[in-house]
There are 2 protein chains.
Amino acid sequence: MVQDSIRILQAQGYKATKPRKLVFEVLEGIGRPLSPYDIQDILRARGKHLNHVTIYRTLDLLCSLNLAHKVLSSGRFVKCSLAAIEGCHRFMICQQCGAIREFADKQLCQEENDFARNLGFHTEHHFSEFSGLCSQCYSK
Amino acid sequence: MVQDSIRILQAQGYKATKPRKLVFEVLEGIGRPLSPYDIQDILRARGKHLNHVTIYRTLDLLCSLNLAHKVLSSGRFVKCSLAAIEGCHRFMICQQCGAIREFADKQLCQEENDFARNLGFHTEHHFSEFSGLCSQCYSK
DNA sequence: GCCTAAATGCAATATTATTGCAATTAGCTA
DNA sequence: TAGCTAATTGCAATAATATTGCATTTAGGC
Ligand SMILES: [Mn+2]
Ligand SMILES: [Mn+2]
Ligand SMILES: [Zn+2]
Ligand SMILES: [Zn+2]
């Protein structure tokens, strides 16, 4: 819900502004990764006009609060679908249809952290995206 | 060695051109991730002038042959340091000093593939970057 | 040395992202 | 509810990153 996210913003001392609500509504409603300019176009089509700088700033804020994520392999943004689930949030992305699914797994993270630790590296965050075929596309 | 990589290019039917050697020399020599324009600047300082389009095209080629990789979290490029090692190549990147280390681990890949498979996803490639502290920076 | 497919350079253009500053607004307080 | 103020937004300029089509050059085979 947009409402929930807005409450989180406010709880952190950020204002619940109209532009922020609009950007979040788009991310929530569309469900797939969008570039800042995609978001601007979608809003324009709805008769709402936002400066792209505002959109960038809003996305930065949402990402900093883990309410959204930047998908690095495409440079686009999605709403986080895992709410308050701890640990690093990852994506599986179908290279055929573009479907994206977010997941988290503590054990996987732990194994990666341990592996890195053995090499002397202290991990604070994982970026991790799987590319492949979703079940639908695979069965074709 | 630049020589080895050039041989791989040729083995695939690509020409061993001067621009390609120059770009590869820079990646090899500098050792840390560089943007296409960084590479252009470095070459310019050495009295060599390459069009940025050529650099982009060379980097695309090198990446397609896994002789280099794009580090997605920064958008920069590094020479592959794992030569012919199978499986997906990952990075650990120190957020303090920028040191980058490439690694591969079959078991980690297998566990990730299995995990995704359980969710119905058939993985073809992992993209994965760890962010944290290298041993040097950690001990400070 | 010649030939040709492959690669490069160039110019234009598109896309993505950031900055400083003036104008506006959300949320607090009286 | 009106007024206040820090936070936020819009605007304009600019930077950084990336792609395209086409004319020119070049590597590598003959
Ligand atoms: Mn998430
Ligand atoms: Mn590699
Ligand atoms: Zn699919
Ligand atoms: Zn370090």
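What you see is a predicted model; the values in this text were computed from it and never measured. A note on names: the letters A, B, ... follow the listed sequences, proteins ahead of strands, and every chain is numbered from 1.
- Interatomic distance, CD of A:Glu111 versus CG of A:Asp105, reported as 8.0 Å (0.5 Å rounding).
- Here the rule is ring pair (Phe, Tyr, Trp, His ring centres under 6.0 Å) with B:Phe130, and of A:His126, A:His122, A:His125 only A:His126 fits it.
- Using a 4.0 Å heavy-atom cutoff across all strands shown, B:Arg57 reaches at least one base atom of the nucleic acid.
- The CG-P distance, from B:Leu50 to C:dT8, rounds to 9 Å in whole Å.
- Of all non-hydrogen atoms in A:Ile93 and A:Ser73, the two that sit nearest each other are CD1-OG, 3.8 Å.
- Regarding A:Gln40, its CD atom lies at a distance of 11 Å from the P atom of C:dT16, rounded to whole Å.
- A:Glu102 and A:His69 share a donor-acceptor pair across their side chains, judged by distance under 3.5 Å alone.
- If you take CZ of A:Arg20 and P of C:dA26, they are 11 Å apart, rounded to a whole angstrom.
- Picking from D:dG10, D:dT8, C:dT18 the nucleotide with the shortest atom distance to the side chain of A:Asn51 gives D:dG10.
- The side chain of B:Pro36 lies closest to D:dA18, out of C:dT18, D:dT17, D:dA18.
- Here C:dA26 presents its P atom at 14 Å from CG of A:Leu9, a figure rounded to the nearest Å.
- Nearest-nucleotide positions on DNA chain C place B:Gly13 closer to the 5' end than the other of B:Gly13 and B:Val53.
- There is a side-chain donor-acceptor pair under 3.5 Å between A:Ser131 and A:Gln95.
- The listed nucleotides are D:dG28, C:dG9, D:dT9; the one nearest the side chain of A:Thr17 is D:dT9.
- For B:Asp60 and B:Tyr14, each mapped to the nucleotide of DNA chain D holding its nearest heavy atom, the one lying further toward the 5' end belongs to B:Asp60.
- The listed nucleotides are C:dG27, C:dT18, D:dT17; the one nearest the side chain of A:Ala16 is C:dG27.
- Protein atom NZ of B:Lys18 is 8 Å distant from nucleotide atom P of D:dT26, rounded to whole Å.
- Nucleic acid contact for A:Lys21: none, since no nucleic acid atom lies under 4.0 Å from a heavy atom of the residue.
- Nucleotide C:dG9 holds its P atom 13 Å from the CZ atom of B:Arg44, rounded to whole Å.
- Taking only side-chain atoms of B:Tyr37, from C-beta outward, the nucleotide of D:dA18, D:dG10, D:dT20 with the closest atom is D:dA18.
- Checking B:His52 against B:Pro19, the closest nucleotide of DNA chain C that is more toward the 5' end is the one next to B:Pro19.
- Across C:dC10, C:dA26, C:dT16, the shortest atom-to-atom separation from the side chain of A:Tyr56 is found for C:dT16.
- Of all nucleotides listed (C:dT19, C:dA7, D:dT8), C:dA7 comes nearest to the side chain of B:Lys15.
- We find that CD1 of B:Ile39 is positioned 11 Å from P of D:dA18, with the value rounded to whole Å.
- Counting any heavy atom pair closer than 4.0 Å across all strands shown, A:Gln10 reaches sugar-phosphate atoms only and no base atom.
- No continuous path of ILVMFWY side-chain contacts below 4.5 Å connects B:Phe127 to A:Leu108, so the two sit in separate hydrophobic clusters.
- C:dA6 atom C1' lies 16 Å from atom CD of B:Gln12, rounded to whole Å.
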